[in-house]
Amino acid sequence: MKKKKGPIGSSKNKKLITSRRSFLQKSTLASMGMLLGTEMVFGNYFPANMIPVGLLESEDEFLVPGKHKELTVLNDRPINAETPPHLLNDPVTPANKLFVRNNGIPPKSVDPSNWKLTLDGESVKTEKTYTIQELKEKFEVVSYQLTIECGGNGRSEFNPPAKGNQWSTGAVGCPKWTGVRLRDVLNDAGIKDDAVYIGYYGADTHLSGDPDKVVISRGVPIKKALEAESLIAWQMNDEDIPALNGHPLRLVFGGWPASTSGKWLKRISIRNKVHDGPKMGGKAYRVPCEEVSPGSNVKDENMCIIESMPVKSLITYPKTGGLLTLGKPLKVNGHAWAGDLEVKEMHVSMDFGQTWQKATLNKRTNRLAWQQWEAVLNFPKKGYYEVWAKATDSKGVSQPMVVPGWNPKGYLNNACHRIAIKVV
Ligand SMILES: Nc1nc2c(c(=O)[nH]1)N[C@H]1C(S)=C(S)[C@@H](COP(=O)(O)O)O[C@H]1N2
Ligand SMILES: [Mo]
């Protein structure tokens, strides 16, 4: 017999379903009634394998281990999930609300006490290996709030569409990270004069099952690697980094495509050339060096590696689609970030960009952390409105209102975020 679809479990999500769900699916009417605290009227007609919605919503059931149940699952092999904007309202992103972007299969068993990080490469003076304990003892431990955003965040809006996970706005977050400075570790091993790049290797395994195949191995130029905020981190928000976000050790480069922030970090190579690991070349994490018309066939040699991410913002309150009584002011708020730069100004519009009202914008807690903004809107009459939000960076560059620069893989969409409001 064909299995019936669960209320929120598409067949794609089935593999992620927790044991609680399979327990509920096997429950009898009587036991479901017990859990609901009342009789299930018409229970005889309730489809087998279905779970009462009342039970799903009464507890924090999650589809992605360790993550909020309302994250949108884009793919389950490998797991990729993004965060709806209204769930990103906290100034510091909680662990269960940080998106997950995996290219391969996360390591199954992780033993932090035996974890080793190796420093090697053409341009290392002395190859070295450290345990996490040694990192903690040998180097200064520091914390920074750092924004990480997937280069493909916003991909779903490109036309012609780009293949890959169809991220809307939720592949971004800004937790607090704790670890040691990458530069302290690089300097301890020694950087030769000819060093130009670092490349990471993680412990995740390739989807093909081939143990020799590297999932992803990217990196950053030495200059970015040596910045004070570039971290080798073992904690997020003062706790172990969640398993899916790289426990027990990862790189964090705020403001750059999050693909540079290697998870389950095992090895860092100091390279005498631009790192050439998987997903450094071709179309991966690269965009046309010069703007091209949508759908163009771009040669690999005309593609450039994405570095600092563009200026962008989110409206995290209220949730889109809300109703508002005429005459009541509406407070809207959110975050803004600008890659390596600072956000200088924030504006909102209720008339589709005809006029813009300045929002108040907070200072960041540290370099490369997103900034909070807030504005109060007064709507003139009943009807449908959209609130648009637009950030401007310290060089005076603003977010575009429409999807910018088409590129083959759909990176760097920093178009203004919009929400719908109905005044009644
Ligand atoms: N080892 C490893 N590191 C990785 C990845 C990966 O698949 N494997 N994905 C990268 C990409 S593309 C992104 S966007 C970020 C996502 O980080 P998060 O899952 O913690 O949000 O991790 C990066 N680091
Ligand atoms: Mo990414």
Side-chain angles (χ1 to χ4, degrees), residues 64-68 71-75 77-83 87-88 93-108 110 115 117 146-156 162-167 169-177 179 198-208 213-220 231-237 239-269 275 277-280 283-287 305-306 309 409-413:
V64 183
K67 295 291 167 180
H68 192 282
L71 256 64
T72 311
V73 178
L74 302 180
N75 193 349
R77 194 173 187 278
I79 294 179
N80 283 278
E82 69 171 321
T83 319
L87 284 188
L88 285 173
T93 310
N96 71 340
K97 293 175 183 165
L98 182 66
F99 75 103
V100 176
R101 197 286 183 251
N102 289 339
N103 289 270
I105 308 298
K108 295 242 151 48
V110 163
W115 194 267
L117 172 67
L146 300 170
T147 310
I148 60 168
E149 179 180 17
C150 179
N153 196 23
R155 174 177 293 144
S156 65
K163 286 202 197 104
N165 292 299
Q166 294 300 303
W167 305 106
T169 57
V172 64
C174 190
K176 173 187 159 193
W177 304 93
I198 65 103
Y200 70 75
Y201 292 88
D204 44 346
T205 51
H206 201 268
L207 289 173
S208 63
K213 255 185 153 172
V214 174
V215 177
I216 179 172
S217 171
R218 305 200 66 247
V220 296
L231 297 186
I232 300 174
W234 54 81
Q235 276 196 328
M236 198 177 109
N237 301 340
E239 287 180 21
D240 284 351
I241 295 172
L244 290 174
N245 299 109
H247 175 71
L249 204 63
R250 78 174 294 174
L251 286 169
V252 190
F253 296 107
W256 280 44
S259 53
T260 57
S261 296
K263 304 194 280 188
W264 311 291
L265 182 68
K266 293 295 298 174
R267 180 151 74 90
I268 297 170
S269 294
H275 184 56
K279 300 200 189 264
M280 281 300 296
K283 307 274 187 289
Y285 303 103
R286 306 206 307 166
V287 291
I305 299 173
I306 302 168
M309 294 287 285
K409 296 270 269 177
Y411 297 121
L412 306 184
N413 175 9

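This is a predicted model, so every value here is computed, not measured. Both counts, for ligands and for their atoms, begin at 1 and track the order of listing. Just so you know, these numbers use all the heavy atoms, side chains as well, and skip hydrogens, waters and symmetry mates.
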Provide the closest heavy-atom pair for [X] versus [Y] in the form atom of the first, atom of the second, distance.
{"X": "Leu74", "Y": "Trp167", "answer": "CD1-CE3, 3.2 Å"}
{"X": "Thr83", "Y": "Leu98", "answer": "OG1-C, 4.1 Å"}
{"X": "Ile305", "Y": "Met280", "answer": "CD1-CE, 3.8 Å"}
{"X": "Cys150", "Y": "Ala258", "answer": "N-CB, 4.0 Å"}

Between Asn245 and Lys67, a side-chain donor and acceptor under 3.5 Å: yes
Distance-only donor-acceptor check, side chains Ser269 and His275, under 3.5 Å: no
Which protein N or O atoms sit under 3.5 Å from any N or O of ligand 1? Give atom names and distances.
{"residue": "ligand 1", "atom": "1 (N)", "partner": "Asp204", "partner atom": "OD1", "Å": "3.1"}
{"residue": "ligand 1", "atom": "1 (N)", "partner": "Asp204", "partner atom": "OD2", "Å": "3.3"}
{"residue": "ligand 1", "atom": "1 (N)", "partner": "Lys263", "partner atom": "O", "Å": "3.1"}
{"residue": "ligand 1", "atom": "3 (N)", "partner": "Lys263", "partner atom": "N", "Å": "2.9"}
{"residue": "ligand 1", "atom": "7 (O)", "partner": "Asn103", "partner atom": "N", "Å": "2.8"}
{"residue": "ligand 1", "atom": "7 (O)", "partner": "Asn103", "partner atom": "ND2", "Å": "2.9"}
{"residue": "ligand 1", "atom": "8 (N)", "partner": "Asp204", "partner atom": "OD2", "Å": "2.6"}
{"residue": "ligand 1", "atom": "9 (N)", "partner": "Arg101", "partner atom": "O", "Å": "3.3"}
{"residue": "ligand 1", "atom": "9 (N)", "partner": "Asn103", "partner atom": "ND2", "Å": "3.1"}
{"residue": "ligand 1", "atom": "17 (O)", "partner": "Arg250", "partner atom": "NH2", "Å": "3.3"}
{"residue": "ligand 1", "atom": "19 (O)", "partner": "Arg101", "partner atom": "N", "Å": "2.9"}
{"residue": "ligand 1", "atom": "19 (O)", "partner": "Lys263", "partner atom": "NZ", "Å": "2.5"}
{"residue": "ligand 1", "atom": "20 (O)", "partner": "Asn245", "partner atom": "ND2", "Å": "2.8"}
{"residue": "ligand 1", "atom": "20 (O)", "partner": "Arg250", "partner atom": "NH1", "Å": "2.6"}
{"residue": "ligand 1", "atom": "21 (O)", "partner": "Phe99", "partner atom": "O", "Å": "2.7"}
{"residue": "ligand 1", "atom": "24 (N)", "partner": "Ser261", "partner atom": "O", "Å": "3.1"}

